[in-house]
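As structure tokens, the structure follows; a few thoughts come after it.
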Amino acid sequence: MTKRDPFKYFKTSREIIRLAVMLYVRFPLSLRNVEDLLHERGIDVSHEAVRFWWHRLGPLFAAEIKKRRVAGLKSSRWRWHLDEMFVKINGERHYLWRAVDHEGEVLESFVTKKRDKKAALKFLKKAMRKHGRPDVIVTDRLRSYGAAMKEIGNADRQETGRWLNNRAENSHLPFRRRERAMLRFRRVRSLQKFAAIHASVYNLFNSERSLYSRSNFKRHRAAALAEWRNLCTA
DNA sequence: CCCAGGTTGACGTTTGCATC
DNA sequence: GATGCAAACGTCAACCTGGG
């Protein structure tokens with residue numbers, strides 16, 4: 001109990017803050033949508049407060065989810081899927097790189113201005129520093145990957161394929177929906193932040209392993225919710 | 001009294017729709 | 001297809017407020 005309470009000084013209860021952040025990150029809602037939704041339940045806060053909470057507590061939540069999930073993640077054949085998509089920020093083209101493992105967990109996301117070897121290399125190094133080396137890396141046919149892989153020295157582990165990689169591309173769908181609701185991102189900083197936090201929350205609630213049957217889904221969702229409510233409580 | 005959370009109103013950008 | 005315009009978006013800065 002000696003750790004500093006991240007909710008100290010907050011005038012709103014932590015339950016409400018957690019709910020607001022979850023609504024904003026998990027669903028395609030704007031800040032003002034969340035404000036409205038909370039108002040309907042008799043909670044009066046400004047959309048600016050929601051933004052503040054998200055900026056402040058979002059990374060904390062994400063970090064804690066990540067910490068809890070790390071254990072038991074590695075399987076016998078550790079396979080990564082790499083993919084990149086472009087995102088417009090104030091009319092400028094940027095690229096969002098993502099690494100997804102074979103179970104659909106989003107491992108890492110990263111924003112760059114260019115889509116070249118340098119960017120691919122930076123992203124790869126960052127991901128491997130955090131998660132270790134995968135046995136196989138699946139990419140699309142973008143040549144920057146091959147060049148980067150050669151430099152790192154695991155070109156032999158690369159597999160390319162037009163259809164091999166939809167694992168990663170599937171995870172773009174919820175992201176695109178989100179982008180639409182936000183009417184595009186304004187700043188690189190917030191895109192990077194949103195990508196990282198969204199990945200963690202997405203992993204927590206949409207884990208593929210337990211989506212097989214309805215009852216499993218319900219059980220999993222209840223567990224995920226319980227875990228969410230426990231974030232940063234200690 | 002200080003300082004952090006929270007409010008308010010304005011701003012630049014993007015989108016969807018109507019109109020030409 | 002081009003143009004104009006209102007609405008909605010996230011963001012910013014100035015301001016308010018209440019607990020330590």
Side-chain angles (χ1 to χ4, degrees), chain A residues 1-67 83-98 106 108-115 119 123 169-206 227-234:
Chain A
M1 224 32 202
T2 50
K3 259 208 287 189
R4 213 177 42 249
D5 179 14
F7 287 96
K8 198 178 175 183
Y9 297 123
F10 275 79
K11 287 151 192 166
T12 316
S13 82
R14 52 193 70 195
E15 282 75 24
I16 291 169
I17 294 179
R18 264 195 293 266
L19 174 64
V21 174
M22 180 178 82
L23 286 175
Y24 185 62
V25 178
R26 233 186 115 194
F27 304 105
L29 299 169
S30 70
L31 291 169
R32 287 171 174 87
N33 289 157
V34 175
E35 177 188 355
D36 277 2
L37 231 46
L38 290 178
H39 183 79
E40 210 156 324
R41 293 200 179 187
I43 303 159
D44 237 349
V45 288
S46 67
H47 63 98
E48 187 67 7
V50 178
R51 187 172 79 96
F52 183 69
W53 296 340
W54 167 61
H55 262 104
R56 194 60 171 291
L57 278 349
L60 251 69
F61 291 160
E64 198 163 331
I65 292 174
K66 234 180 207 168
K67 211 173 67 194
D83 196 23
E84 78 291 334
M85 68 195 276
F86 80 89
V87 181
K88 255 193 194 170
I89 302 176
N90 284 341
E92 254 187 273
R93 220 184 168 93
H94 290 75
Y95 294 91
L96 173 64
W97 305 71
R98 329 187 74 191
V106 181
E108 195 70 39
S109 40
F110 191 54
V111 183
T112 62
K113 234 176 197 149
K114 287 194 179 156
R115 190 175 62 158
F123 172 61
E169 271 159 31
N170 280 346
S171 79
H172 288 169
L173 256 132
F175 198 88
R176 283 287 185 213
R177 267 208 305 271
R178 181 46 203 246
E179 188 194 8
R180 189 184 171 72
M182 289 175 81
L183 290 184
R184 302 269 185 265
F185 295 92
R186 296 306 148 86
R187 312 213 42 179
V188 180
R189 210 178 49 220
S190 47
L191 168 58
Q192 175 74 68
K193 191 175 255 181
F194 182 81
I197 297 175
H198 179 269
S200 278
V201 176
Y202 181 82
N203 287 342
L204 174 60
F205 284 98
N206 299 57
E227 192 171 327
W228 178 267
R229 291 200 184 109
N230 269 330
L231 288 178
C232 297
T233 43

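All heavy atoms count here, side chains included; hydrogens, waters and symmetry mates do not. Lettering follows sequence order; numbering is per chain, from 1.
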To the nearest angstrom, how far is A/K88 atom NZ from B/dT15 atom P? 7 Å

Nearest-Å distance for atom pair CZ/C1', residues A/F10 and B/dA4: 9 Å

With side chains defined as the heavy atoms from C-beta onward, is the minimum distance between A/L57 and A/F10 less than 4.5 Å? yes

Protein-nucleotide distance (A/R186, atom CZ; C/dC12, atom C1'), rounded to Å: 12 Å

Taking only the side-chain nitrogens and oxygens of A/S190, find out if one of them lies under 4.0 Å from OP1 or OP2 of C/dT11. yes

Students often mix this up, so state it plainly: with edges at 30° and 60°, are the rings of A/F123 and A/W97 parallel, tilted or perpendicular? tilted

Donor/acceptor link under 3.5 angstrom from A/K11 side chain onto base of B/dG6: no

From B/dG5, C/dC9, B/dT8, nucleotide with atom closest to A/R32 side chain: C/dC9

Separation of A/L31 atom CG from B/dG9 atom P, in whole Å? 18 Å

Check every strand shown and say whether A/Y24 touches a base, only sugar-phosphate, or nothing at a heavy-atom separation below 4.0 Å. sugar-phosphate

A/W53 side-chain N/O to B/dG6 phosphate OP1/OP2 under 4.0 Å: yes

Do the side chain of A/N203 and the main chain of A/V106 share a donor and acceptor less than 3.5 angstrom apart? yes

C/dG18 phosphate, OP1 or OP2, under 4.0 Å from A/Y9 side-chain N/O: no

For A/H39, does the NE2 atom sit with more than 12 other heavy atoms under 6.0 Å from it, leaving out its own atoms? no

With respect to the side chain of A/A49, which nucleotide from C/dA13, C/dG10, B/dG6 is positioned closest? B/dG6

Would you mind reading off the distance between A/W54 atom CH2 and B/dG6 atom P, rounded to a whole angstrom? 17 Å

Judged by each residue's nearest nucleotide on DNA chain B, which is more toward the 5′ side, A/H47 or A/R56? A/R56

Of B/dT7, B/dG5, C/dG10, the nucleotide closest to the side chain of A/R51 is C/dG10

Rounded to the nearest angstrom, tell me the gap between atom CD in A/E48 and atom P in C/dA14. 14 Å

Between A/N33 and C/dC9, does any side-chain N or O lie under 4.0 Å from OP1 or OP2? yes

Quiz question: going by heavy-atom distance under 3.5 Å, is there a donor-acceptor pair between the base of C/dG10 and the side chain of A/R187? no

Can you tell me if A/S30 touches the phosphate of C/dC9, counting only side-chain N or O atoms and a distance under 4.0 Å to OP1 or OP2? yes

Measure up the A/Y95 and A/F86 rings against each other and bin them: parallel (under 30°), tilted (30 to 60°), perpendicular (over 60°). perpendicular

